[in-house]
Student: 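Take this structure first; my questions come after.
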Amino acid sequence: MVQVVLPNTKIKNLPFYLATEEYVAKYLDNRDYFFMWQVNPTVIIGRNQLIDTEVNISFCKKNNISIFRRKSGGGSVYSDYKNIMCSYITNRKGVNGTFNYYLDKMTDILLSLGIPAEKNGRNDILINGRKVSGNSFYKSGGKSIVHGTMLFDTDLEPLVKSLTPSNDKLVSKGIASVRERVTKLSEYTNLSIEEFKNYILQKLCSGTVQLGNNALEAIEVIEREYYTNNFIYNNNPPYTIKNCTRTANAGSIEARIELKNNIIRNIHLYGDFFTGSEIENTILSKLIGTEYTLKALNRVLSGYVVEKHIIGLKKSELISLIIS
């Protein structure tokens with residue numbers, strides 16, 4: 001694995017690092033690449049989430065907490081400078097295989113420090129049953145990208161307040177709940193955050209690639225999209241039906257469907273699920289113009305393996321979500 005060395009150590013906004021991932025995926029060769037980064041207080045929304053239902057926007061504005069959206073699925077995340085963000089870019093194609101390879105590597109590094117870490121499910125790392133790392137997946141430039149958190153010593157109070165309503169009782173319960181469910185690496189190692197980062201690099205990477213000024217210019221072009229209101233706030237389209245479900249393997253999904261004369265005019269899915277493709281241009285576009293009946297949906301989706309588009313979601317579950 002090759003470490004991507006950024007041009008300077010100045011903290012940048014989240015879009016710079018996400019754009020760097022895209023740059024590496026598009027312009028560098030087929031080796032595996034890795035880099036770590038930190039941001040000032042920021043809420044990061046999953047690709048398919050509705051910001052109004054996930055973020056306490058007023059609290060974030062009052063407390064100078066930035067809000068940005070990423071292109072990977074999964075849930076909302078709060079990050080500050082005491083949380084290490086990791087980016088892994090690879091030519092590996094499969095979602096589960098990519099997750100497993102990366103998480104096995106990171107888990108082994110923690111174990112080598114005497115930290116009792118274990119991989120949990122598809123995208124988390126736990127210590128003594130409490131979450132210390134959550135990760136997301138997306139594809140860009142023909143490559144697979146896994147990025148996520150490594151909770152070192154993040155302040156939990158703004159984490160809870162930025163992602164939940166500002167009711168004092170709910171917030172206090174939320175903080176207590178988060179403390180029960182997550183843990184910090186600082187509780188298990190005497191290494192400083194910089195020493196810990198260097199240890200990861202020594203264990204994980206066998207070479208470096210330095211990004212120069214030309215790369216910076218290309219990254220700046222890519223990151224512009226992340227700053228647009230349309231991308232961040234993902235303006236809500238009109239709908240006549242809203243259905244929600246939670247599945248064991250795909251997570252929470254909400255379908256918003258616009259109908260006219262019982263024909264699907266538009267359909268959007270929101271939630272913390274992961275996608276294996278751009279679902280708007282593949283599976284969802286095929287449903288537009290379809291009659292809103294079980295028979296018609298089964299006919300249109302007969303040639304699709306839904307799990308390839310929405311990871312972990314069965315075709316029957318998607319149909320049941322649309323017509324519930």
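In this text, all values refer to a predicted model and were calculated from it rather than measured experimentally.
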Student: Run N83 and S79 through side chain to side chain donor-acceptor pair (under 3.5 Å) and show every step you take.
Tutor: CA-CA 6 Å; N83 176 57; S79 186; 2.9 Å; yes

Student: Run the numbers on K82 and D80 for salt bridge (Lys or Arg N to Asp or Glu O under 4.0 Å), then give the verdict.
Tutor: CA-CA 5 Å; K82 293 183 179 180; D80 61 20; over 6 Å; no

Student: So, for F274 and F99, is the gap between ring centers shorter than 6.0 Å?
Tutor: yes

Student: For the pair E157 and K161, evaluate salt bridge (Lys or Arg N to Asp or Glu O under 4.0 Å) and give the outcome as yes or no after the intermediate values.
Tutor: CA-CA 6 Å; E157 184 170 343; K161 288 183 176 180; 2.7 Å; yes

Student: If you count heavy atoms of other groups shown closer than 6.0 angstrom to NZ of K203, is the number above 12?
Tutor: no

Student: Under 6.0 Å between the ring centres of Y227 and F68?
Tutor: yes

Student: Salt bridge (Lys or Arg N to Asp or Glu O under 4.0 Å) with K71: which of E225, E21, E223?
Tutor: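 The single option meeting the salt bridge (Lys or Arg N to Asp or Glu O under 4.0 Å) with K71 is E225.
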
Student: Per the side-chain contact (heavy atoms from CB on, under 4.5 Å) rule, which among I267, N243, L269, L294 passes with I322?
Tutor: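 So the option named by the test is I267.
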
Student: What class does the angle between the rings of Y226 and F231 fall in, given that below 30° is parallel, 30 to 60° is tilted and above 60° is perpendicular?
Tutor: perpendicular

Student: Determine whether the aromatic ring centres of H147 and Y88 lie less than 6.0 Å apart.
Tutor: no

Student: As a quick check of understanding, evaluate side chain to side chain donor-acceptor pair (under 3.5 Å) for Q38 and K12, giving each step before the final call.
Tutor: CA-CA 8 Å; Q38 291 150 274; K12 296 182 179 293; over 6 Å; no

Student: With salt bridge (Lys or Arg N to Asp or Glu O under 4.0 Å) as the test, would you mind laying out the steps for D124 and K119 before giving the verdict?
Tutor: CA-CA 6 Å; D124 293 340; K119 184 173 62 176; over 6 Å; no

Student: Between Y199 and S112, is the side chain to side chain donor-acceptor pair (under 3.5 Å) condition met? List the steps.
Tutor: CA-CA 10 Å; Y199 186 82; S112 72; 2.8 Å; yes

Student: Both conditions, 6.0 Å and 45 degrees, for the charged tip of R47 above the ring of Y138: are they met here?
Tutor: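 Negative - R47 is either too far from the ring of Y138 or too far off its axis.
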
